Amino acid sequence: MALGDNPRISEVHAHPVGRDAIDKVLLQMGRSRHWVTNPLVSSLRLRTVARLAEPLVGPRFADALLELLADHPSVVTTGSSRTQGRSEDPWWRTAVFYQVYPRSFADSDGDGIGDLRGIIDHLDHLRDLGVDCLWLSPIFDSPNEDAGYDVRDYRAVMSEMGTLDDLDALIAGCHERGMRIILDLVVNHTSHEHAWFQAAIADPDGPYGGYYHLRPGRPGEDGTGPPPNNWTSFFGGSAWRWIPRARRWALHLFAEGQMDLNWENPAVRAEVADIVRWWRSRGIDGFRLDVINYISKRPGLPDGDEAIGALIGFPGIEHYFFGPRLHEYLHELRGAGFTRDDSDPPPTSTVRGRHDDRAVGEPQPPDRVGVMVGETPGVGIEMGRLLSGASREELDLVFNFDVLDGPGRIRWDDYRYDLAYLKDFLIEQQSRIGADDRVALFLDNHDNPRMLSKVLGPRDRDPVARSAVAKLLATIQLTLPGTPFLYQGQEIGAVDQRFDSIDQLRDVESLNRHRELLADGVDAVGALAGVVPGARDHARVPMRWQPGPGHGFTTGVAWQPSAEGSSGFTVEEQQDDPDSVLSFHRDLIRLRRQHTTLADGAVRFPDRRSRRWFGWVLADRDGRDEWLVELNLTDRRIRRPRHFVGRTEVELASLAGPGFHRPGVTRRGPWMGPYETVIARITH
Ligand code: TEU
């Protein structure tokens, strides 16, 4: 659909990429989308509106937006009308995924670093929780400039985490318990210590020189001139590093040792497909693909628009966050890497069938296509559908990060997250998808502070509120239509740390940001305050297995200090407590497994406007099995709306403070306690 040089806003908004781009700008500005969808503005021409908004978006916004849209002459989505859904329901549609951050999960040899044997020792915890698939953050050989997201050898295990034999044992251990396992494939970039990069800088005009984005200096080749463009790194400074040995600039969107691969090069794409096939032959069931939407860069690597760069925070991002050949690369990788050929030998191990919490059956035949979970920062709802819709045959699921920060907020801001925003976002997301799509539901990961702490702030140490909000968030992830991704620690109500010194932080992003703030003249207190609220380190402290020093994570000194002293929030202390966060997760996942309507029912929302009550009804295809899920989004008691009063049986409820519901209570009274959560079957 050609939009011409000056389309109406309504035409731009009808284009999936246009809609997401406008929604992203409005979200960053903390503005409602009605600013654009109202009849007056939507009928205006793009350049008229861009001129009015020039103080915010700069003089080139219209051109930059039209350039982006021209890269994707895709189908114009008209609401939820979609092509046919997937021919069969793939296993991952209703699976419960659990992200393990191996460095901080369990240390078996006392060196203070989590390892594969430590994960093996705790597989029963994950099976009993009800996990269907583990996702391991990177375990490949790496110098660990970015905690394994800088890979040195894709076919070797990081020595501090174990060996290939350990990984084979872990794969088998998962499959024997009826759980699958996926790894984290970081192929937007490699470590600068990877053999490919070393070969590239030894001979920049040789075969490996084309594996990366290498550019000569301007003028001359001594690196004293300016870098090839104005792109900046997500970890501070320019996205270019001068390599004297090669007399070239090398692109790194992330740390200086994370060198962006040149995906235009078919040899690079073939290498990645081969890595995927190699791991699938060892029994790996798929991958989470790190910043996979960044792999296609605009040819020529042009300068980024300064105003857009200032608005989004990273000059140049419009030239790579959803690049011109992204769909082509993903479709090719799905076929060349993730799809088994009939001639392929059977993998070393396949998952056993799972009937209930413990009983497992025979090994299943290998999945024809390994699951492809895209980590896609900056991608909105429509772009996500273009990347993961079944008929697209690209990815299967994508992470949409717009859920993690409130309107006008960024991760580094110290603010209380408004659960009413989460309600609005999730209802909007559910209303925009169709049979071809599946939402990945996540709230925590290794890159963000804990959602529980964003909601509660300093009250996150109040055990009643902490437990109630942990259960409320779990209920959202585990009963809204979508595939849930739990992050380690959520099942016991993990919270942010009370870091009070930069010496407690380990993450390259945190340390670089702190150094930049000091260099900009911010004092020590201000620099720490500018890092701690958004530090990824909060989510990377060791898993708390038991009370006491080391929390059962290690017998040594943990690589990442934690700064939390609360009791009652370890696996051991919650294991046998029927009211604990852990028991609630287990009970809810079990209920979800027993009643597929909870895992895959059709959803409707009785009240979209309330700022305090969030509820939905799930129904099976013939409408005979219906469930009501309802949440009190506030820290005070509220009158319960009269939906289905007298026609429900409570199957599970959170302990919402003294005198209110406890699990197993069969009635819903006139009031809901603070952050109370109820899952009830609707009786007809
Ligand atoms: O993160 C990608 C990313 O852009 C953000 O989600 C991340 O929070 C980062 O801080 C940018 O602000 C992925 C990995 O999840 C992350 O751990 C890696 O550091 C990064 O890619 C580079 O591989």
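Keep in mind that the numbers below use all heavy atoms, side chains included, and drop hydrogens, waters and symmetry copies. Here the structure is a predicted model, which is why all the values come from computation and not from measurement. Each ligand, and each atom within it, is numbered from 1 in the order the structure gives.
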Consider only side-chain N and O atoms of [X] and [Y], and report whether a donor and an acceptor are under 3.5 Å apart.
| X | Y | answer |
| --- | --- | --- |
| Asp260 | Tyr294 | no |
| His446 | Arg103 | no |
| Gln429 | Asn400 | no |

**OP:** Using the test ring-ring contact (aromatic ring centres under 6.0 Å, His included), find all partners of His194 that sit at least two apart in sequence or belong to another chain.
**Re:**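 With sequence neighbours excluded, His194 shows a ring-ring contact (aromatic ring centres under 6.0 Å, His included) to Tyr154, Trp196, given in chain and number order.
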
Original post:
Sequence neighbours excluded, which residues qualify as ring-ring contact (aromatic ring centres under 6.0 Å, His included) partners of Trp231?
Top reply: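 Applying ring-ring contact (aromatic ring centres under 6.0 Å, His included) to Trp231 gives Tyr320.
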
**OP:** If a pair satisfies salt bridge (charged side-chain N to carboxylate O under 4.0 Å, His left out) and one of its residues is in residues 310-322, list it, with sequence neighbours excluded.
**Re:**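 Listed by first then second residue: nothing to list.
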
Subject >> Protein residues having a heavy atom less than 4.0 Å from any atom of ligand 1 >> reply: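 Contacts of ligand 1 under 4.0 Å: Asp146, Tyr149, His189, Phe235, Phe254, Gln258, Arg288, Asp290, Val291, Glu375, Pro377, Arg411, His446, Asp447, Glu509, Arg536, Arg540.
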
